[in-house]
Amino acid sequence: MGFLNKLLGRTTTEGENTMSKLNIGIILGSTRQGRLSPQVGEWVLQVANQRGDANYEIVDIADFKLPLLGEADATEQATAWNTKLASLDGFVFIVQEYNHSISASLKNALDYARDAWNNKAAGIVSYGSVGGARAAEHLRGILGELSVADVRIHPALSLFTDFENGTVFIPADLHLVNLNGMLDQVNAWSGALKTLRS
Ligand SMILES: Cc1cc2nc3c(=O)[nH]c(=O)nc-3n(C[C@H](O)[C@H](O)[C@H](O)COP(=O)(O)O)c2cc1C
């Protein structure tokens, strides 16, 4: 729409702008009681909303009440989950390290969809004792199989220095640069990949 407006010499209206913005879901990867992921997701959402370049929203896996895949009839939950994913052009995964990998709830939620992930882009924000780096690298392997293009820049948060007493999230300033760099890449790749899906 932007190039068309330029050609026609008109400026985009506010409504058109919102319509043409990409939809980026910030996916909370943990579901346990007392989890830290909502604090991290809120930080990402706040920074992202200040940019005004996409429609960002928190997507909480816990809301979808997905049983372990194949364990029970979950047609309703699976449909709701796939519908939500289908409405998104890109993702930011909030990833926590469980036994050097991603949480079981995130893996389960990844397994519940296929087409709805395909040909989209994703960024990773991880946390753990070493920044959740091992979990993030495992996630990259899984995303490859789901045809999700994961971007390079990766804010990695420390449980020791970015969380007071391991519970209250107070990110060091340096992460802001990486977060914005990651969001730049997610937006660029999400827009490019959208052309493959239309
Ligand atoms: C089952 C389990 C395994 C964990 N294993 C690791 C680990 O291997 N490496 C690490 O850095 N942190 C590990 N942790 C610490 C978590 O990264 C930390 O508790 C984090 O807050 C979990 O994310 P959440 O609060 O969003 O659930 C583990 C925590 C749990 C519950």
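By convention here, the first residue in the shown sequence is residue 1. All figures in this text were calculated on a predicted structure; none of them were measured in a lab. Hydrogens, waters and symmetry mates play no part in the numbers below; they use all other heavy atoms, side chains included. When a ligand or atom number is given, it counts from 1 through the structure's own listing order.
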Which of the numbered atoms in ligand 1 are below 4.0 angstrom from a heavy atom of [X]?
X: G128; value: 11 (O)
X: R32; value: 21 (O), 24 (P), 25 (O), 27 (O)
X: S129; value: 10 (C), 11 (O)
X: S37; value: 26 (O)

Do [X] and [Y] have side-chain N/O donor and acceptor atoms under 3.5 Å apart?
X: S103; Y: S30; result: no
X: S101; Y: N99; result: no
X: D162; Y: H175; result: yes

Of all the heavy-atom pairs spanning G166 and L36, show the shortest one and how long it is.
-> O-CD1, 3.6 Å
Nearest protein heavy atom to [atom], by residue and atom, and its distance?
atom: atom 26 (O) of ligand 1; answer: Y127 OH, 2.5 Å
atom: atom 18 (C) of ligand 1; answer: L159 CD1, 3.8 Å
atom: atom 2 (C) of ligand 1; answer: Y98 CG, 4.1 Å
atom: atom 17 (O) of ligand 1; answer: E97 O, 2.9 Å
atom: atom 21 (O) of ligand 1; answer: L36 CD1, 3.2 Å
atom: atom 8 (O) of ligand 1; answer: H100 N, 2.9 Å
atom: atom 4 (C) of ligand 1; answer: N99 N, 3.4 Å

By side-chain contact (heavy atoms from CB on, under 4.5 Å), W189 pairs with (sequence neighbours left out) A121, A149, V151
With sequence neighbours left out, write down each residue that passes side-chain contact (heavy atoms from CB on, under 4.5 Å) with T31, or none if nothing qualifies.
-> I61, A62, S105
Stepwise ring pair (Phe, Tyr, Trp, His ring centres under 6.0 Å) check, Y127 with F163 | CA-CA 10 Å; Y127 52 93; F163 294 84; 5.6 Å; yes
Flag R35 as yes when one of its N or O atoms lies below 3.5 Å from any N or O atom of ligand 1, and as no otherwise.
-> no
S30, portion touching ligand 1 at heavy-atom distance under 4.0 Å | side chain
May I ask you to identify, for Q96, whether its side chain, its backbone, both or neither come under 4.0 Å of ligand 1 on a heavy-atom basis?
-> side chain
Looking at E137 and R134, does any basic side-chain N land under 4.0 Å from a carboxylate oxygen?
-> no
Taking the six-membered ring for Trp, are W117 and F93 parallel (under 30°), tilted (30 to 60°) or perpendicular (over 60°)?
-> tilted
